[in-house]
Amino acid sequence: MLAGTGYRAVPVGPRSFRLEPAPSRTAPDQQNPSPVYADTDSPAEIIVTALKRARPLSTLPATVTVLRGFGLDAPVGLAGTGQIANEVSSLTSSSLGPGRNRLFLRGIGDGPLNGFNQGSVAMLLDEARLTYDAPDPDWALVDIDQIEVLEGPQGPLYGTGALGGIVKISTNRPDPTRATGTVTASLASTRDGDLSNSQSAVLNLPIITSRLAVRAVAYRQEQAGWINNIGGASDANRERLTGARLSLRWHPADHWTVDLMASTQERKAFDSQYVDGNVGPVDRPDRGLEPRDLDNRLAMMTIAGRVGELELTSISSINKQEAVAEYDATPLGPVLGTNGPTMVSDDRTYSLFDQEFRISNGEAGRFDWLAGISYIKAETDADIRAHDASLTQPVLSLRRSITEAAVFGEASFAITPQFTLGGGGRVFASKFDDEGQQGSSGSLRSKQNIRGAGSASLTWTPSNAATFFLRAATAYRPGGINVEPDATQAVHDADELASIELGSHIRLGRDFSADATFFATRWRHVQADELLANGLVATRNAGNARNFGIEANLRWNLTSDSEFSGGVIWQSARLNSASGTIDIDDARLPAVPQLATRVKFAQGFRLGSWESKADVGMRYVGATHLSFDPILDRRTGNYVVVDASITATRGNWSVAIVGDNLTNSSADTFAFGNPYRVRAIPQHTPIKPLTVGVTLGRKF
């Protein structure tokens with residue numbers, strides 16, 4: 001409708017647009033190349049859905065990072081959660097390996113040892129919640145629309161397990177208007193390793209025009225290893241990944257949508273990725289291989305529509321995750337009751353059912369509100385056994401069932417055109433049932449509680465280019481149960497977290513945007529991992545903590561063809577009072593650096609008829625440490641990684657050359673890999689060595 005008027009429409013809501021002058025364009029030629037950053041890649045306004053309704057990012061009283069364009073130049077091979085952490089300075093990972101990591105956001109670090117306590121970051125794929133007490137499943141980021149990282153406690157909207165925030169991955173939905181497809185293939189070489197390869201395919205098919213469509217995604221990857229067991233296998237930690245996703249979108253009536261989605265992913269790592277001893281940066285003494293099998297299944301149904309001026313949404317999802325790991329536990333053979341070389345088999349199965357109904361007023365207006373009910377059921381089964389050449393000994397058997405029912409709501413009211421007052425709350429009831437067996441000792445325990453979380457915000461919008469906000473929020477994580485007899489606490493207290501933040505969103509047209517947030521957090525009854533003498537991981541209350549800091553993100557189009565972007569976080573996260581049951585040597589919260597930053601410069605240019613872009617990036621991760629336990633503790637971090645890429649497109653073809661870790665740093669990303677050996681021998685996890693790859697893509 002606006003063709004030829006000199007204006008364009010920018011979405012600011014699900015059915016609302018703002019008209020603004022369109023950027024001038026000239027015919028592409030060698031002397032005056034067209035801008036690399038097209039409207040679809042760098043929109044003037046970004047719509048965020050992580051707050052359970054679509055709202056413009058620039059007006060939200062929240063710290064949100066939105067990532068787009070996970071294309072050919074993003075990673076070497078298939079991207080995963082590690083790529084998100086590379087792009088968001090406030091997000092860190094425990095670096096145990098894909099499918100085994102715990103995530104920490106904005107200084108809320110409780111330990112990387114993969115115990116049985118609930119995580120501090122909630123992961124979502126579309127509207128489906130992926131984790132409760134399971135590690136990050138690390139779904140491959142294939143055919144992704146955008147990723148939203150919502151920082152700070154999100155108790156009112158997401159309940160327990162969102163102390164640090166949420167990470168929401170939104171897939172591309174089926175398009176009922178046209179048939180499309182994409183295929184990609186890549187090949188990469190890793191220093192001190194072998195060749196890697198990956199392939200992916202996406203097919204979108206309308207079945208009934210404008211009413212019904214399906215979208216299918218399939219991918220596989222063979223990743224080379226780079227850890228060498230001296231006297232044994234070289235490049236031992238190679239990995240195989242396969243996955244598929246099938247989505248269906250149906251418009252049964254105007255303003256109504258039904259989405260169905262089923263996903264599966266299987267990951268097999270043939271050995272672990274840590275080293276110990278002083279053999280070399282990627283070498284270690286030979287021992288038994290420590291393979292991992294990590295399988296994920298997800299099914300989801302979302303029904304959304306309008307009744308009058310109201311919007312109704314129903315989300316039903318079930319997620320199943322199995323993690324099977326082998327550990328060389330020879331140093332603990334006498335404790336575990338074995339003789340000689342000893343391996344421990346750790347088999348865990350997680351299931352999570354999530355049902356939510358919510359209602360809202362639809363389009364944003366002077367009074368904006370949302371209300372809903374939620375039910376979650378999470379089950380965990382663990383079977384841990386030690387075995388030598390002739391004997392198998394049970395170590396731990398655990399079955400845990402958790403139910404959580406909640407009512408929640410959030411609302412905002414525009415007091416004046418410039419000032420908006422908002423708030424929200426959630427009341428939830430949770431119940432734990434634990435049945436455990438360790439050796440000849442068994443236990444059956446239950447625990448119930450009813451708690452709440454709330455938030456309040458004040459937003460000032462003096463102009464269309466600037467928004468300032470003040471937000472206070474709380475979050476809660478239920479105290480759990482330890483079935484291990486040697487744990488410091490049989491039942492540990494719940495985490496209670498309160499945060500306040502002062503933030504801003506600045507937008508100067510399409511060429512400049514900046515966000516900055518000052519934050520302070522009080523965290524009571526910190527639940528932290530506790531490594532027992534037999535290698536098992538329990539949970540204890542380490543004490544009370546606080547964190548304060550500042551973070552900022554910047555994007556600046558220096559010219560029509562060049563862009564600079566960067567982000568930084570500085571924080572001071574520490575225990576300010578320790579529990580009387582433990583001796584604290586280092587009061588810093590584990591797994592979170594005091595300083596982290598990233599910068600990237602991109603330049604567009606033409607190579608004949610190819611539209612091209614080159615970028616170079618650097619990220620710095622400051623020092624951190626492993627644990628409050630002085631015997632277990634290791635220092636890590638304080639490293640720099642440099643990467644670069646060149647991407648070229650012509651018509652439906654794309655090609656990218658990518659280099660990762662160009663300085664071939666072998667710095668320690670985290671000083672932990674095997675809980676049964678970490679006390680005996682210092683460990684570290686080196687950065688993946690220098691890797692160079694090429695990716696070819698074709699759209700049709």
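For the 3.5 Å distance criterion, the side chains of T63 and E501 qualify, holding a donor opposite an acceptor. If you check the side chains of D381 and T349, you find no donor sitting under 3.5 Å from an acceptor.
In terms of heavy atoms, D495 sits closest to Q527 at OD1-NE2, 2.5 Å. Across all their heavy atoms, I84 and L141 have their closest contact at CG1-CD1, 4.0 Å. Shortest non-hydrogen contact noted between R598 and N553 is NH2-OD1, 2.9 Å. The two residues A179 and L205 make their nearest non-hydrogen contact at CB-CD2, 4.2 Å.
In terms of modelled atom types and a separation under 3.5 Å, the side chain of R129 and the main chain of L352 share no donor-acceptor contact.
In this structure P153 satisfies the side-chain contact (heavy atoms from CB on, under 4.5 Å) test together with A473, A475, L497, S499, sequence neighbours excluded.
For the salt bridge (Lys or Arg N to Asp or Glu O under 4.0 Å) test with E266, the passing option among R297, R240, R292 is R297; the others fail.
Within a 6.0 Å radius of CH2 in W369, more than 12 heavy atoms belonging to other residues, nucleotides or ligands are found. Annotation for K431: atom NZ does not count as buried by contact number, only 12 or fewer foreign heavy atoms lying within 6.0 Å.
In this structure, K377 is not positioned above the aromatic face of Y132 in the sense of NZ or CZ being under 6.0 Å from the six-membered ring centre and within 45° of the axis. Taking the ring axis of Y158 as reference, the NZ or CZ atom of K168 does not stay both within 45° of it and closer than 6.0 Å to the ring centre. In this structure, R348 satisfies the cation-pi test against F116, with its NZ or CZ atom closer than 6.0 Å to the six-membered ring centre and inside 45 degrees of the ring normal.
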